[in-house]
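To keep things clear, I will list the structure first and then write my remarks on it.
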Amino acid sequence: MHTKRQLMIGMKIKSLLGYFYRVIEVLLILSITAGILLIGLNSHDNAEMGGLLSPCIVALVWMWFVTLPLFVIYVVSLIRSVPPVSIYKKAVLSLHILNVALWILFYLFLPQPEPCDAALMEKHLKIHHDDMYDLVKYVRNALDDSCSINLEFRNNEVQKFTIENKNEYRDCACIENKQELNKILHRVGLSMQKLTAIQEKMHKAGIIGIEIDKNSKTGWMAGKSILQYRWYGVNFYQYALYDRPLTEEEKHDALSMHQYILYNDSVVFESYGGYPGQRGFPDKDKFQSFHN
């Protein structure tokens with residue numbers, strides 16, 4: 001009698017553990033499905049999809065004491081679902097296949113961006129040199145003193161749009177009312193007409209973003225205008241145009257840091273990414289040695 005009771009208790013415990021494992025298994029697979037959907041739907045191109053996945057992998061490796069058991073469960077789940085001899089195993093295998101299919105579909109149907117390097121930026125600068133400097137001149141003349149604008153586009157969608165003066169900082173990206181936006185723009189010396197002209201000049205210069213601070217005397221923006229050139233995944237590439245010769249310290253920084261290329265005494269190519277491992281120019285050493 002006692003042995004039978006122990007056996008029943010053992011079977012109940014085994015049943016509860018099996019139920020608990022199945023809950024964890026399904027939640028884990030669905031979490032991965034949600035993660036793939038989140039990354040895919042928020043990616044502008046397949047390079048960005050890979051770029052967004054990379055920090056996730058780093059985080060998972062960093063938290064190995066949590067992710068390792070989950071990884072084991074996932075692998076065991078995949079192995080145990082073949083062959084799919086039960087309805088539950090068929091459902092689990094279908095979810096695994098769905099995850100693979102979703103990733104492949106996102107990768108195939110998202111646009112393939114054109115890579116960027118220093119040679120390409122040099123070619124663009126030579127072709128659009130006058131247009132780029134005309135853009136900078138127009139914006140600086142339009143802005144009131146001690147005011148700034150930061151305007152970025154990606155796939156013709158506003159990525160960032162902020163203005164700033166001595167008294168306030170405003171995010172204008174979500175303002176759809178043109179009259180309200182016009183009033184805000186006047187606080188830094190701009191208007192809807194001037195904003196339209198800026199956008200037209202950006203398009204003519206082949207530039208997707210500007211960051212210009214009028215009359216900044218100190219700090220990293222002193223005499224510096226930023227023209228954003230291209231996105232590649234989570235990386236973006238831009239020109240830093242100075243209205244003065246760079247100091248020796250600034251030149252040293254540009255030469256020593258892999259995300260900068262010193263093009264001449266007043267122009268620096270810059271590359272930034274989602275995290276440090278993605279920044280930089282693959283052809284920096286070759287390009288920099290050729291231009292020195």
Side-chain angles (χ1 to χ4, degrees), residues 115-153 159-160 162-166 169 188-189 198 201-202 204-232 234-292:
C116 187
D117 57 23
L120 189 63
M121 292 187 69
E122 179 186 36
K123 180 180 179 181
H124 185 87
L125 178 63
K126 288 180 177 179
I127 295 173
H128 295 280
H129 178 277
D130 293 343
D131 295 328
M132 292 167 68
Y133 277 92
D134 178 62
L135 169 63
V136 171
K137 181 180 179 181
Y138 181 84
V139 176
R140 287 194 171 275
N141 287 337
L143 283 172
D144 288 341
D145 290 347
S146 302
C147 294
S148 67
I149 181 174
N150 189 340
L151 177 61
E152 297 176 10
F153 291 90
Q159 188 83 7
K160 183 185 294 184
T162 62
I163 60 172
E164 186 175 6
N165 59 25
K166 291 181 179 179
Y169 172 91
V188 295
I198 290 172
K201 289 180 178 295
M202 288 172 64
K204 185 178 179 182
I207 295 300
I208 62 172
I210 59 170
E211 184 176 356
I212 297 177
D213 188 353
K214 177 78 173 286
N215 295 338
S216 177
K217 301 298 183 183
T218 59
W220 70 283
M221 282 297 291
K224 178 180 181 181
S225 300
I226 294 175
L227 302 187
Q228 191 173 321
Y229 170 53
R230 177 173 292 179
W231 283 90
Y232 181 75
V234 294
N235 281 14
F236 61 91
Y237 298 84
Q238 62 189 28
Y239 301 93
L241 309 181
Y242 292 82
D243 61 7
R244 56 177 176 81
L246 292 167
T247 65
E248 291 303 316
E249 182 180 358
E250 289 170 331
K251 290 181 181 179
H252 177 268
D253 289 341
L255 288 169
S256 60
M257 300 179 72
H258 67 285
Q259 67 263 38
Y260 298 145
I261 286 183
L262 180 64
Y263 183 67
N264 58 38
D265 286 348
S266 60
V267 176
V268 176
F269 299 166
E270 300 181 347
S271 168
Y272 295 96
Y275 65 100
Q278 291 179 312
R279 301 172 187 169
F281 292 90
D283 57 343
K284 174 182 171 70
D285 293 337
K286 179 180 178 181
F287 185 89
Q288 199 73 82
S289 62
F290 179 79
H291 284 74
N292 285 344

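Numbering starts at 1 and runs along the sequence shown. Not measured: the values here are computed from a predicted model.
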For H128, which residues count as a ring pair (Phe, Tyr, Trp, His ring centres under 6.0 Å) partner, sequence neighbours excluded?
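H128: ring pair (Phe, Tyr, Trp, His ring centres under 6.0 Å) contacts with H124.
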With Y138, which residues qualify under ring pair (Phe, Tyr, Trp, His ring centres under 6.0 Å), at least two apart?
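Not a single residue meets the ring pair (Phe, Tyr, Trp, His ring centres under 6.0 Å) criterion with Y138.
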So F236 and Q228, side-chain contact (heavy atoms from CB on, under 4.5 Å) or not? Walk me through it.
CA-CA 7 Å; F236 61 91; Q228 191 173 321; 3.8 Å; yes
[Y] side chain reached by [X] side chain, heavy atoms, under 4.5 Å:
{"X": "Y169", "Y": "T162", "result": "yes"}
{"X": "M132", "Y": "L125", "result": "yes"}
{"X": "I198", "Y": "L135", "result": "yes"}
{"X": "I210", "Y": "M202", "result": "yes"}
{"X": "Y263", "Y": "F287", "result": "yes"}
{"X": "K126", "Y": "E122", "result": "yes"}

Name all pairs fulfilling the salt bridge (Lys or Arg N to Asp or Glu O under 4.0 Å) condition that reach into residues 255-268, sequence neighbours left out, sorted by first residue then second.
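Sorted result for residues 255-268: K251-D265.
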Can you tell me if [X] uses its side chain to pair, donor with acceptor, with the backbone of [Y] under 3.5 Å?
{"X": "K214", "Y": "S146", "result": "no"}
{"X": "R230", "Y": "I207", "result": "no"}
{"X": "D144", "Y": "C147", "result": "no"}

Mind checking the [atom1]-[atom2] spacing from [X] to [Y]? Nearest 0.5 Å is all I need.
{"X": "S148", "Y": "R140", "atom1": "OG", "atom2": "CZ", "result": "10.5 Å"}
{"X": "S225", "Y": "K137", "atom1": "OG", "atom2": "NZ", "result": "13.5 Å"}
{"X": "S271", "Y": "Q238", "atom1": "OG", "atom2": "CD", "result": "8.5 Å"}
{"X": "D117", "Y": "K286", "atom1": "CG", "atom2": "NZ", "result": "10.0 Å"}
{"X": "S266", "Y": "D243", "atom1": "OG", "atom2": "CG", "result": "9.0 Å"}
{"X": "I226", "Y": "I212", "atom1": "CD1", "atom2": "CD1", "result": "9.5 Å"}

Determine whether Y133 and L241 satisfy the following criterion, side-chain contact (heavy atoms from CB on, under 4.5 Å), listing intermediate values before the conclusion.
CA-CA 8 Å; Y133 277 92; L241 309 181; 3.8 Å; yes
Run the side chain to side chain donor-acceptor pair (under 3.5 Å) test against [X] and tell me which residues pass, sequence neighbours left out.
{"X": "D134", "answer": "K201"}
{"X": "S256", "answer": "none"}
{"X": "Y239", "answer": "none"}

Are R244 and E250 ion-paired here, with the side-chain N under 4.0 Å from a carboxylate O?
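Salt bridge flag = yes for E250 with R244.
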Assess whether a salt bridge exists between E270 and K224, defined as any Lys/Arg side-chain N lying under 4.0 Å from an Asp/Glu carboxylate O.
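Yes, this pair counts.
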Begin from the C-alpha positions of L262 and L246 and carry the test side-chain contact (heavy atoms from CB on, under 4.5 Å) through to its verdict.
CA-CA 10 Å; L262 180 64; L246 292 167; 3.5 Å; yes
Any idea how F281 and F269 line up, ring-wise: parallel (<30°), tilted (30 to 60°), or perpendicular (>60°)?
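Tilted: the ring planes of F281 and F269 meet at 30° to 60°.
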Nearest heavy-atom pair of Y229 and G206: which atoms, and what distance?
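Result for this residue pair: CD1-O, 3.8 Å.
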Checking side-chain contact (heavy atoms from CB on, under 4.5 Å) for the pair L151/F153: CA distance, chi angles, key distance, verdict?
CA-CA 7 Å; L151 177 61; F153 291 90; 3.7 Å; yes
